[in-house]
Amino acid sequence: LLLAEAAYTKAQCLAKQLEALGVMAGVDDTKEEAQEEEEPELDMDGEENEPTELTPEEKAAAVAKKKELIKSLLYGMAKSHEFKQWGMVANGLSHWWNLHLDLVSLSHEKPELLDRSLQEYQEGLKTIQKYLCGDSPLPSAELNHPMAANIALANINVGVQTGQLTVLDVDQLMVLKRLGEHERKNIVACVTGLCKTKEKPLPDLARLRPERLEAAPPAAGGGKDKKGAPAAVTTEDKSDLQGNEADIIMATVSVPFAKDSAEAVKLVDQAVQLLNKWQPKANDEPMQTLWVELWTRLGRQCLGKPMHANEGAKYALMCAIKGLGQVDAPIPKYASKDRLQWRGACHALCGEVFMQLVDPHKQEKESLNKLRKMSVEQFERCCDYAVTTCNPSLAVNGASNMWNVSLPLMNSAETRQVLIQPLTKATRALAAVKYSEDPFFFAGLYRALFDCYSDASQWDKIHEMLNEAFQAIPANNQRKLWALRMLALSRQGKNVGLAMGKMKESQAKAQAGIWLVLAGASSKPSDQLNAFTKAIEILQNAEQPEVVEVRLQFADWLLRNRFDPADAREQLEAAADLLLLVEEEDEEDEDEEADEDQMYSGNMDDQISEDKSASDGRSFTGGSQAGSKRSSRRGSQMGASDIGRSRRGKRSSHAGSRRA
């Protein structure tokens, strides 16, 4: 037993050495890896870390340590098993899982990484399966179900990736007999998807019934019917799932692989029949969570192909109602985080069902608005669960889908009022999870809220909403928020210039853009005139070519508002003068470049002549001095032209971008 403990300690020491080398346990570093462009890693100071490449000798030494690590773990588990020290066997399994966790986690994103896994790692996974199931496995009291399921899944994924499809055979899945409902469900879902993808027959679940049910013979209806479909296990206790979670998830995962809609409906009906025979107890939290999960996953499959759209939507809505109890059910108290997350996903499923039922070509406006409002309500509830569980996926799904379905409702002031509460919850859900992937979308939600509030002149609500927005959106993406604040102040008749002075945005284009927003939204001509004047002044002082377009817009505004045509002509002449100045500078640059090319060509001809004379063996001392003088004079001319070109480049570059 001391030898076994020493072997575990040795494996941990080797893992520390591998970590210091920056390599991953279980991977053969001597095999070439497909090169991909990766973002550089940054250190604590924000500087790029240069990747350290090991030499072939160092790679070979690292691989030897990895093999020794695996050998030590297997030795320790074998010794512990020999003397039936089950606790130490369980410790060895924990060490195996923890020391190879990086490989397992990364292989979910990059399955090709398993192609480079060590042969010893692959064989070791097969070896330790006997401690999970077999002639002398770990006792149930020492078996960690989640870890056992993860090790079994790692063995399945490695086998499939390396072409060893026998890992999908029923004889290799006997660990399912010892696992709980959640673990059985996860493994069967993975195996079903792999079998369908690899065109391999599905395993016979009748041979994988839980061990606790093997003492009693299968109840009537158990096993499979004449058509080979899984049949429900009849039992008086409806709270006992009787291992049917495996049949349910197998039917659910098989729906997208059905050859037509009829076969898909048949699979859904099988899953529904099994689920209807089960009713978890109210105080059984894990089973309550599994209940919502199974109904939600089944409903999600109903929305995809090969199910027909309308039929699939009806099945999906039925599944969502079964999972939630009611579509308007409140958030349950004292529920686990997992159950709350699945309930949020179930509400999102309801919202997508109502969104899919919308058909502008066949439905009247009233029916369309009703369906859209029902969809928005469900996504609102999804955002509620996102805030409660702080789940980014729920927040993004609820907010983005709510935005998509609410766009037609934004066209009317009447329907916009219905969106105030849902959009508020969507923004707060994204803020709660610190969403930053798409700040323009985030700011767009606040803009939609601004329109909803401004219809009823709820300026206090607008300023409260904008205060939340400035806290949630990064500072470098707050330009639209400043425009909304200026617009709100303008419509209230307050001093916009004072608020503009407090704006953190220092770019001239940004400030001018906000003034133009005010010019288009203000109702008073005096405010519009002041906004155009400020925008032109800012761009003119910053020598920005965009001032030309703003002057043209201002001239058009002056004519439409019946100002003196001379004022509009003055703006047009100023814009034309700037364009002509830019064109003249471009012509000067082209002429100077042509002169420089001609001068360079002449100097090259002289140099060729000098080289030819030197090759004839003539003394050319004076010529070399003259050549050096010409070269130095040309260098000074080139320097002057470069300075001139760089000085004019500041103006001409802007003009070039404007023309483009």
Side-chain angles (χ1 to χ4, degrees), residues 94 97-98 101 104-105 108-109 143-150 153 179-190 239 241 245 248-249 252-253 275 278-301 316 319-352 377-402 421-422 424-437 442 472:
S94 299
W97 174 252
N98 292 330
L101 183 57
V104 176
S105 300
H108 292 162
E109 302 175 4
L143 184 64
N144 185 319
H145 287 196
M147 187 180 65
N150 287 330
L153 283 172
L179 300 179
E181 291 84 356
H182 290 271
E183 293 77 21
R184 284 168 52 84
K185 171 257 304 178
N186 292 334
I187 293 180
V188 172
C190 175
S239 63
L241 194 50
E245 69 283 343
I248 295 169
I249 200 66
T252 300
V253 177
L275 280 168
W278 172 49
Q279 184 60 51
K281 294 179 181 179
N283 60 351
D284 192 344
E285 186 62 28
M287 290 297 99
Q288 287 285 345
T289 302
L290 184 60
W291 169 269
V292 183
E293 178 185 352
L294 291 176
W295 280 114
T296 303
R297 295 181 68 167
L298 179 60
R300 178 67 59 186
Q301 298 296 346
C319 292
I321 294 174
K322 294 287 288 187
L324 293 170
Q326 295 177 344
V327 293
D328 56 350
I331 298 178
K333 296 182 179 179
Y334 313 115
S336 65
K337 184 177 180 180
D338 288 340
R339 179 151 71 108
L340 294 178
Q341 289 176 342
W342 277 110
R343 287 183 67 87
C346 201
H347 278 294
L349 172 64
C350 284
E352 292 187 41
E377 180 183 356
Q378 294 304 309
F379 291 126
E380 176 188 350
R381 293 180 182 276
C382 175
C383 291
D384 287 337
Y385 280 94
V387 173
T388 303
T389 60
C390 199
N391 186 293
S393 298
L394 287 179
V396 174
N397 183 283
S400 58
N401 280 306
M402 181 191 297
Q421 180 174 321
T424 301
K425 291 187 176 181
T427 55
R428 290 177 179 173
L430 293 177
V433 300
K434 301 186 184 327
Y435 177 74
S436 60
E437 281 74 11
F442 202 173

Within the distance-only criterion (no hydrogens, no angle test), does the side chain of [X] pair as donor or acceptor with the backbone N or O of [Y] below 3.5 angstrom?
| X | Y | value |
| --- | --- | --- |
| Trp291 | Lys322 | yes |
| Asn98 | Ser94 | yes |
| His182 | Thr289 | no |
| Gln378 | Val327 | yes |

Tell me the closest heavy-atom pair linking [X] and [Y], and the distance in Å.
| X | Y | value |
| --- | --- | --- |
| Ala316 | Gly299 | CB-O, 3.4 Å |
| Asp284 | Pro286 | OD1-CD, 3.3 Å |
| Ala429 | Val387 | CA-CG2, 3.6 Å |
| Leu394 | Ala345 | CD2-N, 3.6 Å |
| Ala189 | Ile249 | CB-CG1, 3.7 Å |
| Ala472 | Ala431 | CB-CB, 3.8 Å |

| task | Using the ring-ring contact (aromatic ring centres under 6.0 Å, His included) rule, pick out the option among Trp342, Tyr385, Phe379 that qualifies with His347. | result |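 That would be Tyr385; it is the only one of Trp342, Tyr385, Phe379 passing the ring-ring contact (aromatic ring centres under 6.0 Å, His included) with His347.
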| said: Walk me through whether Glu181 and Lys185 qualify under salt bridge (Lys or Arg N to Asp or Glu O under 4.0 Å). | reply: CA-CA 6 Å; Glu181 291 84 356; Lys185 171 257 304 178; over 6 Å; no
Interatomic spacing from [atom1] in [X] to [atom2] in [Y] - rounded to 0.5 Å:
| X | Y | atom1 | atom2 | result |
| --- | --- | --- | --- | --- |
| Thr252 | Leu275 | OG1 | CG | 7.0 Å |
| Asp384 | Leu340 | CG | CG | 11.5 Å |
| Cys346 | Arg381 | SG | CZ | 12.5 Å |
| Glu377 | Cys350 | CD | SG | 10.0 Å |
| Trp295 | Ile321 | CH2 | CD1 | 11.0 Å |
| Tyr334 | Asn283 | OH | CG | 15.0 Å |

| task | Sorted by first residue and then second, give each salt bridge (Lys or Arg N to Asp or Glu O under 4.0 Å) pair with at least one member in residues 333-349; sequence neighbours left out. | result |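 Every pair satisfying salt bridge (Lys or Arg N to Asp or Glu O under 4.0 Å) with a residue in residues 333-349: Glu285-Arg339.
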Answer whether the closest heavy-atom distance between the side chains of [X] and [Y] falls below 4.5 Å.
| X | Y | value |
| --- | --- | --- |
| Asn391 | Val433 | no |
| Lys281 | Met287 | no |
| Cys319 | Leu294 | no |

| said: Checking Glu293 against Leu290 for the side chain to side chain contact (heavy atoms under 4.5 Å, CB included) test, could you report, in this order, the C-alpha distance in whole Å, the side-chain angles of both residues, the deciding distance, and whether it holds? | reply: CA-CA 5 Å; Glu293 178 185 352; Leu290 184 60; 4.1 Å; yes
| message | Under the criterion side chain to side chain contact (heavy atoms under 4.5 Å, CB included), I'd like the reasoning laid out for Asn401 against Cys382: C-alpha separation, chi angles, the key distance, then a yes or no. | response | CA-CA 10 Å; Asn401 280 306; Cys382 175; over 6 Å; no
